[in-house]
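Note that the structure is predicted; figures quoted are calculated from it, not measured. Keep in mind that the numbers below use all heavy atoms, side chains included, and drop hydrogens, waters and symmetry copies.
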Amino acid sequence: AGVQWEKVIADVRSGTPVKVLWEELFEDGTVPVEYPGFWKQLRRRYPELPQSMHRVFAPGSRIEIDYCDGIEILNPATGELLSTQLFVGVLCHSRYAFAEFTFTQKSADFLASHVRMFEWFGGTAQLLSPDNLKSNPAYTRLATHYDVAVVPARVRTPKDKAIVERTIQIFQRWFYFRIRHRTFTSLIELNASLREHLVAFHAKTHRIMRRTRAEMFESEKPFLHALP
């Protein structure tokens, strides 16, 4: 099947970066051309598209944040299975990610995950885009402390954080498959395995960028804001 241009333009108009759409279509073989060719085809069909739709994130400009379902942990004392949440933050320029499992998405876990994410990156971006936030004075204080602006994704507008959702989709499938026969009995053990796999994931060559996320991160690192 060829490109469904009506669907593409609907996604673009709802806020999905054109480059993210091209990556998905290029990876599944629907689009055989490189990104500049895809952009030209899109503009030819929809000449009213502003140039600003061609979103490229500058180094150090933006981190997108999201949660997804985690992996159950076995409590060896009781046999009970404990559910977890997977927190993921992605630097939009390099696609370099931080991830960790927590038991909840409550404020204390949410804020602590941010602090560990900033330490993992060794800095912060100009802007954070978390999932839609309810009024959260503690999050405002954290953002002020790290001197970073916050632009929450809009409710029911997943395209606002298309890069982190795409990263979660790719990493989750790859990681969960690799550890599918393992049983974890603590959050520490689960996160240690996650960290090892995250390093390996970043060392894989990105099929579109033709560089590893680790290499792209090294180029982005000098543009991050220093930690306070």
Item to check | Exceeds 12 heavy-atom contacts within 6.0 angstrom, atom CZ of Phe223 | outcome: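 Not buried by this count: 12 neighbours or fewer within 6.0 Å.
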
Next on the checklist: Taking atom CD as the centre, does Glu189 end up with more than 12 heavy-atom neighbours from other residues, nucleotides or ligands that are less than 6.0 angstrom away?
Outcome noted: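 Yes.
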
Do [X] and [Y] come within less than 4.5 Å of each other through their side chains, counting heavy atoms only?
X      : Y      : result
Asn136 : Ser107 : yes
Tyr96  : Met216 : no
Phe175 : Leu86  : no
Ile65  : Met117 : yes
Leu194 : Ile179 : no
Tyr146 : Val115 : yes
Glu34  : Trp22  : yes

Do [X] and [Y] sit in one hydrophobic cluster, given that two such residues count as connected whenever their side-chain heavy atoms are within less than 4.5 Å of each other, even indirectly?
X      : Y      : answer
Phe121 : Val150 : yes
Leu128 : Val151 : no
Ile170 : Val199 : yes

Looking only at heavy atoms, what is the nearest atom pair of [X] and [Y], with distance?
X      : Y      : result
Ile63  : Ala125 : CG1-CB, 3.6 Å
Cys68  : Gln172 : SG-NE2, 3.4 Å
Thr124 : Leu227 : CG2-CD2, 3.9 Å

Next on the checklist: Looking only at the aromatic ring of each residue, does the gap between the centers of Tyr46 and Trp39 stay below 6.0 angstrom?
Outcome noted: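 Judged by ring-centre distance (under 6.0 Å), Trp39 and Tyr46 do not meet the cut-off.
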
Checklist entry - Does any pair with a residue in residues 67-86 pass ring-ring contact (aromatic ring centres under 6.0 Å, His included), and if so which ones, sequence neighbours excluded? => result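 Residue pairs passing ring-ring contact (aromatic ring centres under 6.0 Å, His included), neighbours aside: Tyr67-Phe87.
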
Please identify each residue that fulfils side-chain hydrogen bond (donor to acceptor under 3.5 Å, both in side chains) with [X], with sequence neighbours left out.
X      : value
Gln126 : none
Ser61  : none
Arg95  : Glu23
Ser113 : Glu100

Checklist entry - For residues 218-228, which residue pairs qualify under side chain to side chain donor-acceptor pair (under 3.5 Å), counting only residues two or more places apart or in two chains? => result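 Side chain to side chain donor-acceptor pair (under 3.5 Å) check on residues 218-228 returns Ser94-Glu220, Arg211-Ser219.
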
Item to check | Remaining members of hydrophobic cluster (4.5 Å side-chain criterion), Leu81 | outcome: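 Reading the cluster by chain and number, Leu81 sits alongside Leu74.
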
Checklist entry - By ring pair (Phe, Tyr, Trp, His ring centres under 6.0 Å), which residues pair with Phe110, not counting sequence neighbours? => result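 For Phe110 the ring pair (Phe, Tyr, Trp, His ring centres under 6.0 Å) partners, ignoring immediate neighbours, are His114, Tyr139.
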
Item to check | Which residues share a ring pair (Phe, Tyr, Trp, His ring centres under 6.0 Å) with Phe201, sequence neighbours left out | outcome: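 For Phe201, the residues satisfying ring pair (Phe, Tyr, Trp, His ring centres under 6.0 Å) (neighbours in sequence not counted) are Phe171, Trp174.
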
Item to check | Euclidean distance, Phe101 CZ relative to Asp69 CG, rounded to 0.5 Å | outcome: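 So the CG of Asp69 and the CZ of Phe101 are separated by 10.5 Å.
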
Checklist entry - Does a side chain donor of either Arg166 or Gln169 reach within less than 3.5 Å of an acceptor in the other side chain? => result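 The answer is yes; a qualifying pair exists.
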
Checklist entry - Do His145 side-chain atoms and Arg141 backbone N/O form a donor-acceptor pair below 3.5 Å? => result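 No; zero donor-acceptor contacts below 3.5 Å.
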
Checklist entry - Hey, is the main chain of Ile163 close enough, under 3.5 Å, to the side chain of Glu64 for a donor-acceptor pair? => result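 Here the side-chain-to-backbone pair exists.
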
Next on the checklist: Applying salt bridge (charged side-chain N to carboxylate O under 4.0 Å, His left out), can you list everything that pairs with Arg173, at least two apart in sequence or on another chain?
Outcome noted: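 Checked Arg173 against salt bridge (charged side-chain N to carboxylate O under 4.0 Å, His left out); zero matches.
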
Item to check | Pairing residues for Phe103 by the side chain to side chain contact (heavy atoms under 4.5 Å, CB included) criterion, not counting sequence neighbours | outcome: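 For Phe103, the residues satisfying side chain to side chain contact (heavy atoms under 4.5 Å, CB included) (neighbours in sequence not counted) are Ile73, Leu82, Thr84, Leu187.
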
Checklist entry - Can you list every salt bridge (Lys or Arg N to Asp or Glu O under 4.0 Å) pair that touches residues 74-84, not counting sequence neighbours? => result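 Of all non-adjacent pairs touching residues 74-84, none passes salt bridge (Lys or Arg N to Asp or Glu O under 4.0 Å).
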
